[in-house]
Amino acid sequence: MKLLLQNIRELVQVEEQPAEKVSGKDMALLKTVKDAYLLIDDELISDFGPMKDMDRVQVGDDTLVEIDCRDRLVMPAWCDSHTHIVYAGSREMEFVGRIRGLTYQEIANRGGGILNSAKLLHETPAEVLFEQASARILEVMRQGTGAIEIKSGYGLNTEDELKMLRVIQWLRQTTPVCIRATFLGAHAVPAEYKNNVSGYVDLVINEMIPQVAAEELADYIDVFCEDGYFSPTDTERILMAGIKYGLRPKIHANEMGFSGGVQVGVKYNALSVDHLEYMDREEIDLLLGSETMPTILPGASFFLNMPYAPARRMIDEGLPVALATDYNPGSSPSGNMSLAGSLACLKQDLLPEEVINAATINGAYAMGVSDRLGSIAKGKIANLFITSKIPGCDYLFYSYGSNLVDTLILNGEIQNI
Ligand code: NIG
Ligand code: FE
């Protein structure tokens, strides 16, 4: 089937020569076509350009569906490269606890936080987890997300980690959203290993990773490299084991301090290092010489009242930056990429153009799919959205909290959501 989008006010993030990512000054450049058309043939983008160049004969009229996009923008669907959306229940009681003065760490030390979610997940059947996560996916689709990375990490024992990863595979089979799966067995140290972290690391290495790999349940491996969670040495051991099974690293690094996570991530050629609320010269220099995508999660900073990653400085120094939501029950219970974009503008001084690059092509890179998603380019998969009637890209983030996504098209098909 062919789908023709016509009279598009602005077709955003077009590429003639697709790039795998965008860095530094180039992040402020966003190619667009005004008064444009876009032709989709089955699941792929087959042509686009200014309306005046549209060749009706070439477009043809065999089973053609036409959509008038007057006054609307068309842009690539968001690529959310860091989430934890498979989780059980919710943790609003901790949110209230923080309002009353407790810190995230204090809550965690009392058995709340990630361990609280692990307990809930243990008690929740896979079918219920699947239902809850499916509802979250539907929610983020309505907000314009077309690709999402999902981590395990609320199991913290072999059986429950496998349960989570199987739910992620199940979601992959049932949703049109592109899903990448990450094994995060080292998300927190379970209570029974409190005084034996290396014992838990052994379990991750000797039992979990081989089983995850045997069932081909994950694309990537992640570690929460942070004081009180896993040290750089623990992280290194886990990464080496994962890499042996073909799992490329993506690291939680420098969320609460200078954890050494960037160093270990770059050393093992991580696809991304994420959070980065704490960054200095050394981290920036290491990333400049690497293929690792620095990923910012301003939703977590907002929700936990933490410092924001110095993304302005990172881009000014020449780095690429990806933007993701970190959608999870404890530090960022929102998967709204447009809202994360508003935070990046308001709290991290990113320009709307930089935010769009960070949330599309660079997000796609951080989940290993930028060859087929993340921009409007011929031959790429048609994952895009049509906005409501808005004046331009800047309005998307200016109008914070509004949902301006009108129609979502994934794999060339209009989504009935
Ligand atoms: O990315 N930092 C570690 N993991 C999550 C928080 C998970 C939770 O609190 O449930 C994060 O912020
Ligand atoms: Fe996270």
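One-based numbering, in listed order, for ligands and for the atoms of each. Counting from 1, the numbers follow the sequence of the chain as shown.
- Checked against the Fe ion (ligand 2), the N, O or S atom of H84 at the shortest distance is NE2.
- Residue contact check: H82 has heavy atoms under 4.0 Å from atoms 1 (O) of ligand 1.
- At least one N, O or S atom of D326, from either the backbone or the side chain, sits less than 2.8 Å from the Fe ion (ligand 2).
- Salt bridge annotation for E215-R166: present, with a cationic side-chain nitrogen under 4.0 angstrom from a carboxylate oxygen.
- Atoms of ligand 1 lying under 4.0 Å from at least one heavy atom of N328, given by number and element, are 5 (C), 6 (C), 7 (C), 8 (C), 9 (O), 10 (O), 11 (C), 12 (O).
- What sits closest to atom 2 (N) of ligand 1 on the protein, heavy atoms only, is E255 OE1, 2.7 Å.
- Side-chain contact check for Y365 versus L271: some heavy-atom pair is nearer than 4.5 Å.
- Using cut-offs of 30° and 60° for the angle between ring planes, the Y278 and F258 rings count as perpendicular.
- Around the CZ atom of R172, the shell of radius 6.0 Å holds more than 12 heavy atoms that belong to other residues, nucleotides or ligands.
- Between D274 and S81, the shortest heavy-atom distance links the atoms OD2-O, 4.5 Å.
- Contact annotation for H187 and ligand 1: only side-chain heavy atoms (C-beta onward) come within less than 4.0 Å of the ligand.
- Atom CG of D227 is surrounded by 12 or fewer heavy atoms from other residues, nucleotides or ligands within 6.0 Å.
- The Fe ion (ligand 2) is the vertex of the angle joining NE2 of H82 and NE2 of H252, which measures 90° to the nearest 10°.
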Quick one, N254 with S259, criterion side-chain hydrogen bond (donor to acceptor under 3.5 Å, both in side chains). Give me CA distance, side-chain angles, the key distance, then yes/no.
CA-CA 5 Å; N254 293 22; S259 70; 2.9 Å; yes
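- Counting the atoms of ligand 1 from 1 in the order shown, those under 4.0 Å from a heavy atom of Y154 are 7 (C), 8 (C), 10 (O).
- Taking the six-membered ring where tryptophan is involved, the planes of F95 and F303 are essentially parallel, since the angle between them stays under 30° and well short of 60°.
- Protein heavy atom closest to atom 6 (C) of ligand 1, with residue, atom name and distance, is Y104 OH, 3.3 Å.
- Close contacts between ligand 1 and R91 involve ligand atoms 8 (C), 9 (O), 10 (O) [criterion: under 4.0 Å to a heavy atom].
- For atom 12 (O) of ligand 1, the closest non-hydrogen atom of the protein is S331 OG, 2.5 Å.
- Near D326, with a cut-off below 4.0 Å to any heavy atom, the atoms of ligand 1 are 1 (O), 11 (C), 12 (O).
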